S.K.: 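Take a look at this one; I'll ask things after.
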Amino acid sequence: QVQLVESGGGLVQAGGSLRLSCAASQSLFSINVMGWYRQAPGKQRELVTTITSGGSTNYADSVKGRFTISRDNAKNTVFLQMNSLKPEDTAVYYCNVRSIKYDYWGQGTQVTVSS
């Protein structure tokens with residue numbers, strides 16, 4: 001059973017930065033998509049960003065220009081660099097890795113941005 005372990009969440013001031021990491025417990029089928037989702041209190045989960053095995057990325061309009069996703073395939077890890085954070089970014093962030101063979105989710109890490 002593959003586990004995705006997230007780290008890097010915390011409390012930051014508006015305008016600050018935070019870097020999230022998500023590492024898989026074991027090697028994964030190489031052709032996959034890694035991404036980050038978030039869920040704010042009382043709201044539905046939303047896509048934040050994804051990155052394919054080939055390096056193609058996409059971002060939700062709300063985070064474009066502020067967040068950057070990257071991956072290290074050798075370490076089975078995906079990162080999310082969050083800059084210029086806003087209070088509306090406050091949410092539980094979940095990492096995800098999916099392929100034809102699987103769809104795994106992390107346990108979530110809390111990100112709180114104070115005004």
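In what follows, every heavy atom counts, from backbone to side chain, and hydrogens, waters and symmetry copies are set aside. Nothing here was measured: the structure is a model prediction, and the numbers come from that model. Sequential numbering from 1 along the given sequence is applied to the chain's residues.
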S.K.: Restricting to non-hydrogen atoms, name the atom on Ala91 and the atom on Gln110 that form the minimum distance, rounded to 0.1 Å.
M.R.: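 Result for this residue pair: O-NE2, 3.5 Å.
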S.K.: Please assess Leu20 against Thr109 for the test side chain to side chain contact (heavy atoms under 4.5 Å, CB included), listing each intermediate value before the final yes or no.
M.R.: CA-CA 9 Å; Leu20 306 183; Thr109 184; 4.1 Å; yes
S.K.: Taking the side chain as every heavy atom from C-beta outward, state whether Leu85 and Gln13 have any pair of such atoms under 4.5 Å apart.
M.R.: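 No. Closest side-chain heavy atoms not under 4.5 Å.
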S.K.: Just how far is it from atom NZ of Lys75 to atom OG of Ser21, taken to the nearest 0.5 Å?
M.R.: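 Spacing of NZ (Lys75) from OG (Ser21) equals 10.0 Å.
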S.K.: Can you tell me if CD on Gln107 sees more than 12 non-hydrogen neighbours from other groups inside 6.0 Å?
M.R.: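 Not more than 12 within 6.0 Å, no.
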S.K.: Tell me every residue that passes side-chain contact (heavy atoms from CB on, under 4.5 Å) with Glu88, counting only those two or more places apart in sequence or in another chain.
M.R.: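 side-chain contact (heavy atoms from CB on, under 4.5 Å) check on Glu88 returns Lys86.
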S.K.: Given Phe67, which partner from the list Leu80, Thr49, Asn83, Leu18 fulfils the side-chain contact (heavy atoms from CB on, under 4.5 Å) test?
M.R.: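 Testing each of Leu80, Thr49, Asn83, Leu18 against Phe67, the sole residue satisfying side-chain contact (heavy atoms from CB on, under 4.5 Å) is Leu80.
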S.K.: Do Thr112 side-chain atoms and Thr90 backbone N/O form a donor-acceptor pair below 3.5 Å?
M.R.: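 No.
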S.K.: Could you pull out the closest heavy-atom pair between Ser84 and Ser17, with the gap in Å?
M.R.: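 Distance-wise, the nearest heavy atoms are N-OG, 4.4 Å.
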S.K.: Tyr59 side chain to Ile69 main-chain N or O, any donor-acceptor pair under 3.5 Å?
M.R.: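 Yes, because the side chain of Tyr59 sits within donor-acceptor range (under 3.5 Å) of the backbone of Ile69.
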S.K.: Verify the neighbour count for atom CG of Leu11: are there more than 12 heavy atoms of other residues, nucleotides or ligands below 6.0 Å?
M.R.: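 Yes, because the 6.0 Å sphere around CG of Leu11 holds more than 12 heavy atoms from other groups.
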S.K.: If we only count heavy atoms from C-beta on, is the Val33 to Val97 side-chain gap below 4.5 Å?
M.R.: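 Answer no - side chains too far apart.
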S.K.: Would you compute the distance between atom OG of Ser62 and atom CG of Asp89 and round it to the nearest 0.5 angstrom?
M.R.: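 Between Ser62 OG and Asp89 CG, I get 7.0 Å after rounding to 0.5 Å.
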S.K.: Please report the shortest heavy-atom distance between Pro87 and Ala14, naming the atom on each side.
M.R.: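 Of all heavy-atom pairs spanning Pro87 and Ala14, the closest is CD-CB, 4.1 Å.
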S.K.: Is there a path of hydrophobic side-chain contacts, each under 4.5 Å between heavy atoms of I/L/V/M/F/W/Y residues, joining Val12 to Val48?
M.R.: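 Same hydrophobic cluster.
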S.K.: Taking Arg19 for its side chain and Phe79 for its backbone only, find out whether a donor-acceptor pair lies under 3.5 Å.
M.R.: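 Checked: no pair found.
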S.K.: Just checking, is any N or O donor in the side chain of Tyr93 or Arg38 under 3.5 Å from an acceptor N or O on the other one?
M.R.: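 A donor-acceptor contact under 3.5 Å links the two side chains.
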S.K.: For a quick test of reading the model, state the closest non-hydrogen atom pair linking Met34 to Leu28 and the distance between them.
M.R.: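 Residues Met34 and Leu28, closest heavy atoms: CE-CD1, 4.3 Å.
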S.K.: For Gly108, is there any backbone N or O sitting under 3.5 Å from a side-chain donor or acceptor partner on Glu6?
M.R.: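 Side chain of Glu6 to backbone of Gly108: a pair is present.
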S.K.: Run the ring-centre check on Tyr37 versus Trp105 and record whether the distance is less than 6.0 Å.
M.R.: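 Yes; Trp105 has its ring centre under 6.0 Å from that of Tyr37.
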S.K.: Restricting to non-hydrogen atoms, name the atom on Asn32 and the atom on Ser99 that form the minimum distance, rounded to 0.1 Å.
M.R.: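 Smallest interatomic distance, heavy atoms only, reads CB-CB, 3.8 Å.
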S.K.: Can a donor-acceptor pair be found between the side chains of Asp72 and Thr77 at a distance below 3.5 Å?
M.R.: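 Thr77 and Asp72 do not have a side-chain donor-acceptor pair below 3.5 Å.
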S.K.: Cation over ring, Lys101 on Phe29, under 6.0 Å and within 45°?
M.R.: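 Yes.
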S.K.: From Gln44 CD over to Glu46 CD, what is the distance, rounded to the nearest 0.5 angstrom?
M.R.: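 Going from CD on Gln44 over to CD on Glu46, the span is 8.0 Å.
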S.K.: Report whether Ile51 and Met82 are members of the same hydrophobic cluster (ILVMFWY, side-chain heavy atoms less than 4.5 Å apart, transitive linking).
M.R.: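 Yes; Met82 is reachable from Ile51 via cluster members.
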S.K.: Taking Val2's backbone N and O only, do any of them form a donor-acceptor pair with Ser25's side chain (distance below 3.5 Å, no angle check)?
M.R.: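 A pair under 3.5 Å: no.
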S.K.: Val78 and Leu4: same hydrophobic cluster, using ILVMFWY side-chain contacts below 4.5 Å?
M.R.: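 Looking at the clustering, Leu4 is in the same group as Val78.
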S.K.: Give a yes or no on whether Val111 and Leu47 share a hydrophobic cluster (residues Ile, Leu, Val, Met, Phe, Trp, Tyr; joining criterion: side-chain heavy atoms under 4.5 Å apart).
M.R.: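 No, no single cluster joins them.
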S.K.: How close do Ser30 and Ser53 get, heavy atom to heavy atom, and via which atoms?
M.R.: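 Here Ser30 and Ser53 meet closest at O-OG, 2.7 Å.
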